[in-house]
2 protein chains.
Amino acid sequence: MLRTHTCGELRITNVSQTVTISGWVQGVRDKGALLWIDLRDRYGITQITIETDKADQQIIDTARLLGREFVISVTGKVTERYSKSDKIETGDIEITPHTIVVLNTSITPPFTIEDQTDGGDELRMKYRYLDLRRNPVRQNLELRHRMAIETRLFLDKLNFMEVETPVLIKSTPEGARDFVVPSRMNPGEFYALPQSPQTFKQLLMVGGFDRYYQIVKCFRDEDLRADRQPEFTQIDCEMAFIEQEDILNTFEALTRHLFKTVKGIDIPELSRMTYADAMQQYGNDKPDIRFEMKFVELKNLTLGSGSPLLWQGAGGEAFKVFNDAQLVVGICAKGASEYSRKQLDELTEFVKRPQIGATGLVYARYNTDGTIKSSVDKFFNEQDLKNWATAFNAQPGDLMLIMAGEINKTRKALSELRLEMGNRLGLRDKNKFSAHWVIDFPMFEFNEEANRWFAMHHPFTSPKPEDLNLLNSGNLEGLGGVCANAYDLVINGVEIGGGSIRIHDKELQSKIFSILGFTKEDAQAQFGFLMNAFEFGAPPHGGIAFGFDRLCSLFGGADGIRDFIAFPKNNSGRDVMIDSPSLISQEQLNELNLIVKG
Amino acid sequence: MLRTHTCGELRITNVSQTVTISGWVQGVRDKGALLWIDLRDRYGITQITIETDKADQQIIDTARLLGREFVISVTGKVTERYSKSDKIETGDIEITPHTIVVLNTSITPPFTIEDQTDGGDELRMKYRYLDLRRNPVRQNLELRHRMAIETRLFLDKLNFMEVETPVLIKSTPEGARDFVVPSRMNPGEFYALPQSPQTFKQLLMVGGFDRYYQIVKCFRDEDLRADRQPEFTQIDCEMAFIEQEDILNTFEALTRHLFKTVKGIDIPELSRMTYADAMQQYGNDKPDIRFEMKFVELKNLTLGSGSPLLWQGAGGEAFKVFNDAQLVVGICAKGASEYSRKQLDELTEFVKRPQIGATGLVYARYNTDGTIKSSVDKFFNEQDLKNWATAFNAQPGDLMLIMAGEINKTRKALSELRLEMGNRLGLRDKNKFSAHWVIDFPMFEFNEEANRWFAMHHPFTSPKPEDLNLLNSGNLEGLGGVCANAYDLVINGVEIGGGSIRIHDKELQSKIFSILGFTKEDAQAQFGFLMNAFEFGAPPHGGIAFGFDRLCSLFGGADGIRDFIAFPKNNSGRDVMIDSPSLISQEQLNELNLIVKG
């Protein structure tokens, strides 16, 4: 037996027991008369203490040869420490060894196995198996395990069945790019890896399974950004004989269950916000509502202003934009009236960055002495500015930040500024959680480049019944106004989940495919199986999918998902540890009937 | 709200409540004065009863238009039935409807949605979503869900962490054929889908995770046999700081837990059998020990026999085989002495089939009158046959069946005959379970065709320490005698799980790779990451993987795995429902830098 206890388990109550523990040498301190070994495993650290005048020479010799990360097994007696430590849970005891067995040696690791390590990202990824030994990384994956099992327990109790859907499926042109898998047995044909089990879970509903879930790998061959992985994990769910309200309630309960059981936090009931309100009040369909700072529209207050020049003057260009603006909108940053010129310039630079692309930023300081000082004093009198302050519900000490321009662009830019101000003012505490629903998403969005309508959620989402007339009017322009039975779960400004009530009627599904530019033949070739299934008594159904990697990273208080994945890939989709992807043999290519272009 | 209750939920205690239930119309019976609808969902069937002289005309009209598999929602009052049914759990009540809403219609299904259906296999697969509505199929998948969640609960309690390993990994030439995935971002390079997470779980052990599990999809591009799927599911486990004994005990406990919680069966402690014994006593490394019928070797009893002709006579050819046989071995079929000549001929035909390839079969009937009558009476006298009977521990009424020839072939053939006799004698009851371990597998097996040694389990399996000298002797012939720390879990003659203690020493791992024919460069290119990891303090570790599809099918009392998979593929690896694999667009091929050969 290689251990009777773990390195995190022994307490004062174990004193005088003979135990065996195994683990990695965290460090050895040799003071001549006394020699300490810190032995580490997943559960903690235990101190081994050797008194060199009492111990066997062999034990002393062995101990003196140990290096960091050697693997040893120690048998000995648990004794009470003279000087206890409250830094580790085993700090009351130490072990006086009878035997030390070296199970394996280690060369010097390329970085230290400590909470704060000296390994950069690249080194950590290459030696991920060493990185996993570090507490913060291991704790992230323990959190992930806990999240998964609590999700399963919750859903199991509600009669959800976990059903595994296939990984080798069929490539479809809608949505992101598929990873494909050549079929050797069907030369020239390919499987695709699922971007989500969407159609299969709908078929399970047609099949009467009524409550399905799966924690499942999905795949997208997209150009990778920081927070994207080519393979990622979803909590994928679907229910039949339900309405939107049932879904929202069920998965609000799941969310609360996870916060309660994993984080020990009771979160309040989730508020609901329409997409239209989210865009108007936060310029964002996933607003971070840990802090208020809602958008205030000022167009009315800037029309017919007291200023004779009406936004004309020094900054010609900028003022033209303001004057012609579809939208004048701002936020009020509480307590930021004393921002320096430099800080304000930084904010202007921030919104002018190409990623945001605003042309400028107007500010108005509501000074603590009650005066208001703005960057547009030439054009607005004190009363104008007071009126703005009233609209912002601003108090002395606040800073008003205002942008103007085309509606969508301006909202988007101001949303970025709002988040930046949230960061600067410390309003986005990672240990505070604010979850809510965004509902009533538009059904379609128009893509200028492709010059056609795309499904905002996906082509299986049902429109709101009251908007069916817009759909049937034949007037393509009106499609932008069609609302969908679609909803997102947003936590701390991150889209954690999204779903919809699906179409269960073959005719309506055909109609949507045709609006999305599918010919009848294409729709049949790609999704015929689903539309055929709808002929045999498809029940009303809907569902949701949670981005599990993101949910874990959010619970872990981190920004990125990579450290919540055991073996992640880098931004080129490469696993630098195993060095994959890689070349395959000519024999393999021949069997697959494929030629790689020269 | 589309339902307040399911169709399996209402009882006599619900009488006089107003409820809403939804589901599929199983059938409508119209007797004029009375009209019954059987409404079905996943949970059961509830009867709706309409008295046509009392009900609204609209309800009657709607009911008369209903067809099989229409989806309806019924609101009404629960009433006690006049004539109760004990065939269904809701048999005490019926519903008197206030409203019936047709949620969806259905065309006539291609087969009936009943336990015994008129749909053949092909039709069932094409319309799998309808097949899933049938009780037996749904129950199989419910069982699978239950198995999965009980596995997770058990392992979670023992501190096993579920860790997701990557699906896009690296192709390796050892083992079965990989499915590969072309990388668009790394032109000409490919990922592979995992045949198992083997190396990753070992790296998790190096990473200190010490107890890992995952219920995980694996992939093999093999020519498919009846019970194989290109994608299949494993319960994959690994532990560090353990010895073989720890693994066997832990996963014996898991097995017993599953039998207890899922089937309500207390199975006895698992016996252990060495590979050598399994082969000698059952001719099979996964013997079905629901029944005894062990092999008895008779070589000694057929040498120096009383017969002057010693296996020479009528059937020349056959007797030559017997005379020169390495092995003469038989089984005793209890109570089969009165098998007719026709039955015995059938058995002879059975063993002569090309899949088995035996040249003949000798029988000896131990008649109920105490005489023994054999097919080789010309060559053996009564005393010889009595001696055989003693060796077989045969009683009057038993039938002895004997084969002879080359050791391995003969054992294999007799094993098939033993299983056939088990079937014929009703000894292989699907509701009886007999689980045991087979241990001490050989490390290597020689492949004549490739003219080299292969790893019997896999290249990461550790040899028994006492056999290391055979490994190091440089004598390739001796490799067949090296035993591995490898074990299989066998239930009812099916290999349900297999695993081993792994190598954790870089030198030993290199040595094994070299024996398996890897050059140093190949080994480094393919498994360098693992051998490098072994330099940094790899702990002793080992694990096991259960074939989850088979385990479920065994628990479900079925032979095949297909009906325990929601959306299986056929023998050509094709999903006939979604019609996959399929052609992909030229654009996709271009992006992947691939050409399909003409």
Side-chain angles (χ1 to χ4, degrees), chain A residues 2-3 22 24 42 69 71 103-104 106-107 109 129 132-133 145 149 156 161-163 166-171 179-181 183-186 188-191 203 206-208 210 217 221 231 241 529 533 535-540 566-567 572-573 577-578 580-582 584 593-597, chain B residues 2-3 22 24 42 69 71 103-104 106-107 109 129 132-133 145 149 156 161-163 166-171 179-181 183-186 188-191 203 206-208 210 217 221 231 241 529 533 535-540 566-567 572-573 577-578 580-582 584 593-597:
Chain A
L2 291 174
R3 65 180 173 194
S22 294
W24 286 266
R42 179 182 142 200
E69 302 307 315
V71 185
L103 298 171
N104 216 339
S106 174
I107 59 173
Y129 45 86
L132 290 172
R133 287 189 195 160
H145 166 65
I149 200 132
D156 179 56
M161 273 173 69
E162 184 165 32
V163 181
V167 176
L168 297 171
I169 65 164
K170 184 169 174 167
S171 188
F179 281 106
V180 296
V181 181
S183 166
R184 178 182 55 88
M185 289 208 275
N186 303 275
E189 298 191 333
F190 293 75
Y191 303 100
L203 291 173
V206 176
D210 97 356
K217 275 278 175 75
D221 184 11
E231 51 179 300
F241 299 118
F529 59 97
E535 304 225 66
F536 296 100
F567 300 102
S572 323
M577 181 185 69
I578 64 170
S580 162
S582 59
I584 59 173
N593 220 40
L594 288 179
I595 298 169
V596 172
K597 274 192 233 174
Chain B
L2 291 175
R3 65 180 173 194
S22 294
W24 286 265
R42 181 183 140 199
E69 302 308 315
V71 185
L103 299 171
N104 217 339
S106 174
I107 58 174
Y129 44 86
L132 290 171
R133 287 187 196 163
H145 166 65
I149 200 132
D156 180 56
M161 271 173 70
E162 184 165 33
V163 181
V167 176
L168 297 171
I169 66 164
K170 184 171 172 165
S171 189
F179 280 106
V180 297
V181 181
S183 165
R184 178 181 56 86
M185 288 208 275
N186 303 274
E189 298 191 332
F190 292 75
Y191 302 99
L203 291 172
V206 176
D210 96 355
K217 275 277 173 78
D221 185 11
E231 52 179 299
F241 300 118
F529 60 97
E535 303 227 65
F536 295 100
F567 300 102
S572 322
M577 181 185 69
I578 63 170
S580 161
S582 60
I584 59 173
N593 222 40
L594 289 179
I595 298 170
V596 172
K597 274 192 234 174

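Residue numbers begin at 1 in each chain, while the letters A, B, ... track the order of the sequences.
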Toward chain B, the part of A/V206 with a non-hydrogen atom under 4.5 Å: both
Toward chain A, the part of B/M577 with a non-hydrogen atom under 4.5 Å: both
Side-chain donor/acceptor of B/E231 to backbone N/O of A/V167, under 3.5 Å: yes
Closest approach of A/S106 to B/G537 (non-hydrogen atoms, all atoms of both residues): CB-N, 3.6 Å
Test applied, side-chain contact (heavy atoms from CB on, under 4.5 Å); reference residue, A/V181; option that passes from B/F190, B/Y191, B/F179: B/F179
Most chain B-contacting option - heavy-atom pairs closer than 4.5 Å, from A/P581, A/S580, A/P539, A/G207: A/P581
Proximity breakdown for B/N593 and chain A, heavy-atom pairs closer than 4.5 Å: both
Most chain A-contacting option - heavy-atom pairs closer than 4.5 Å, from B/S183, B/S582, B/G208: B/S582
Options B/I169, B/L594, B/D210, B/V163, ranked by heavy-atom pairs under 4.5 Å with chain A, top entry: B/D210
A/H145 (side chain) donor-acceptor with B/M161 (main chain) under 3.5 angstrom: no
Which portion of A/S22 sits near chain B, non-hydrogen atoms under 4.5 angstrom: both
Heavy-atom proximity to chain A below 4.5 Å, by part of B/I149: side chain
Which portion of A/P540 sits near chain B, non-hydrogen atoms under 4.5 angstrom: side chain
Contacting region of B/V180 [heavy-atom separation from chain A under 4.5 Å]: both
For the student: nearest non-hydrogen atoms of B/A538 and A/N104, plus distance: O-ND2, 2.8 Å
Heavy-atom pair of closest approach, residues B/A566 and B/L132: O-CD2, 4.0 Å
Residues forming a salt bridge (charged side-chain N to carboxylate O under 4.0 Å, His left out) with B/D221, sequence neighbours excluded: A/R184
Top contributor to chain A contacts, counting heavy-atom pairs under 4.5 Å, from B/A533, B/G573, B/P109: B/A533
B/W24 to A/F536 - nearest heavy-atom pair and separation: NE1-O, 4.5 Å
